[in-house]
Amino acid sequence: MGRFDGAPEIARADGFGFPGPKSIVAMSSLPGAGVPQEEQNRTPPDNSLPQDEQEGITFPGTVYREEWTLGVGLKNSDLSRPQLPWPWPEVRGPKSKCITIQTMNSRLGRWLRDPLFLLCLTAGLLSFLVQSGELGSADTMHRLQTTHWLWTTQPQVFPNEYPEFGLHGRAGQIYSWYGIGQSLLMLPADLLATWIAHLSIFSEYSDDPAVRSIVVSYLINILVNVLTTLIAFRLLRQLRFSTREAVAGVLALMFCTTHLHYTQNMMENNYIMFLTLAGFSFQSQWLRTGSRRALLIGSAALGLNLLTRLTTGLDLIAAGVFLLAVVWFERASTQTLWQRFLSYCKIAAPVYVVLLSIERYYSFYRFGSFTSTYVPLFAREQRLRDPTLPPNFPWSTPFHVGVLGALFKPEKSIFLFDPLLVLAILLIVMLWKRLVPEVRAYAVTSLLLLAGYISFYARYTYWAGDFAWGDRYVSTAAQILALIAVPLLLRHRPAIPKLLWRTGIVIIAASLVIQIASLAFWLPLEIYQMESLGHPTFVIALRFKNIAAFALGKMDAWGLNTEEMTQDAWDYVHITTWNFLPFLLKRVGAAPVWVVRTAFVLWFGGIAGLAAILRRLHSVLRGE
């Protein structure tokens, strides 16, 4: 028995949900042409498929069974290639035939019946639809410039950007203070985007939004969203949720958490979440199967997070706590626990050391220190510019203010911006005795990770991430916990009181509406308005008011066009239109009319396609 003992349905062989067996009919010539007689007379091997699984194909040839693992098999512990028996029937002669349209149609039909394939299509198309063509924040623009620095002669920080951004480092040069992880992620996309931007067709385009940012944002956001979908589904299946429950959980993550907002605004959050979930999933596979390769992949994912943001060391620790909690809840012996710990350290520790060393070397390259971060340099330069700053800047916020602000402040509360978090906590408390060990371990680890992030950033001067939708530093941990809310609701529906079930449905619906509203305008809109409206402000309510006022043409009448919004002309253009690429192109007016019209056609067509895919996914799940 494997890790899914007691699961309500048997996991598929590939771990994602793709059908494990596939039929491959060898290309063959007319009967007997070029095929040895003993091969023609040979009895089909044991792994031949039944006739009803051969897709109705009657071409002559040998039919083989092929097991796909995609490197993440729930039954197979190691990455593997499709293995075919040898010898392969020889193909000779000009009259060789191959399977074409019928096979392709059959394969497409299988894909369209596979929930995970439809889920990935949903993730990709959703990412495509929500893009604005901009990177979403000045932080990401600076990280993209660091990407450009990696392969061109341009600096990390232009002189005119200092002192608003950048720090003096070695040899007096100005460097970015961010980690290099996201910059490395954007490197291939930046190479392609720069080449496209220099094509003659764009020679007269005024670059707003820039071709380079359009290409990079589309490519990276779609890639990260699809990869997160795959790994989140895999992890939920490892937590013994059924296919339907796992699909529902991933859909809730995509549509009903702040993950959707950061799919449009390309900060580091979604990339960090993908790597953290990958670490959890592959290290969990190691725990169940002993696969060293799985542990290596999981450790590398968590280690890569350190290159992105050093505080993701909390995620690395959380992965170890998760494995420990699983073993603890399964009441393993002390000897078993110690043996697992040693095996874990032999593989994971060297990986962490190597990637941490890379991160430290990058810090040394810029600021001349292996043991310190940029924060002391940042504090020193800021105090030189503003002597009134407190001596403990940037750790000047009282601890209780940062904690209570993250939990309850109307402008940043994680419960308001991620309501699924409330549902997850309620279900964990009420269903604790019914939860399997893996889910208990995941719930405890996620809660500890969330508490860890809130506590770490509580005293930071900019504890909520400054220009961001919600609490940027804590939102990823909130999403990780919220991931199991909908699967738990569906799994334990018979044991849940009707009132809690109805409350759960209301919370899911409210979450969906809030996350869609977060896409409507570029995020600085309410930040500018709050300079006039004051604090505290219920930001989500203000966003809905902005949506209604803009749709009805009442922004001036309702007092929502403030003076602060007009102080930066570029920002004003971008915060006074719907934050989707076709609308932004139309608002700026730099692109030709035919380009704008084409963008609208593709956008509305994408919405129709997304609706069709979701309908198909619903139909497939009902039929299972």
field: Residues E164, R385: salt bridge by 4.0 Å N-O rule
entry: yes

- prompt: Around atom CH2 of W570, are there more than 12 heavy atoms of other residues, nucleotides or ligands at under 6.0 Å?
  reply: yes

message: Just checking L384: does its CG atom have more than 12 heavy atoms from other residues, nucleotides or ligands closer to it than 6.0 angstrom?
response: yes

field: ring-ring contact (aromatic ring centres under 6.0 Å, His included) against F165, all qualifying residues, sequence neighbours excluded
entry: H142, W177, Y178

query: With ring centroids as reference points, do H198 and W195 lie under 6.0 angstrom apart?
result: no

message: Around atom CZ of R597, are there more than 12 heavy atoms from other residues, nucleotides or ligands closer than 6.0 Å?
response: no

field: Ring center gap for Y374 and Y175 short of 6.0 angstrom
entry: no

- request: Spell out, as yes or no, whether a donor-acceptor pair under 3.5 Å connects the side chain of E381 to the backbone of L167.
  value: no

Minimum heavy-atom distance S363-S369, with the two atoms named: OG-O, 3.4 Å

- request: Go through the structure and list residues passing side chain to side chain donor-acceptor pair (under 3.5 Å) with D315, not counting sequence neighbours.
  value: T276, Y453

task: Kindly check if the number of other-residue, nucleotide or ligand heavy atoms within 6.0 Å of CE (M530) is above 12?
output: yes

query: Distance-only, no hydrogens or angles: does the Q131 side chain make a donor-acceptor pair with backbone N or O of I214 under 3.5 Å?
result: no

- line: Nearest heavy-atom contact between F456 and W395 is O-CZ3, 3.8 Å

Side chain to side chain donor-acceptor pair (under 3.5 Å) contacts touching residues 529-538 (sequence neighbours left out): E411-H535, Q529-N546, S532-E564

- prompt: Do you know the tightest heavy-atom contact between H259 and Q479?
  reply: N-NE2, 3.4 Å

- prompt: Do you know which two heavy atoms are closest between T308 and Y271, and how far apart they sit?
  reply: OG1-CE2, 3.4 Å

- prompt: Which atom pair, heavy atoms only, marks the closest approach of G169 to F367?
  reply: CA-CD2, 3.9 Å

query: Taking only residues two or more places apart in sequence or in another chain, which ones pass salt bridge (charged side-chain N to carboxylate O under 4.0 Å, His left out) with D208?
result: none

message: Taking ring-ring contact (aromatic ring centres under 6.0 Å, His included) as the definition, give me every residue that meets it alongside W469, ordered by chain and number, with sequence neighbours left out.
response: H261, F417

- request: Evaluate whether atom CH2 of W558 has more than 12 neighbouring non-hydrogen atoms of other residues, nucleotides or ligands under 6.0 angstrom away.
  value: yes

- prompt: Who passes ring-ring contact (aromatic ring centres under 6.0 Å, His included) against Y462, sequence neighbours left out?
  reply: Y460

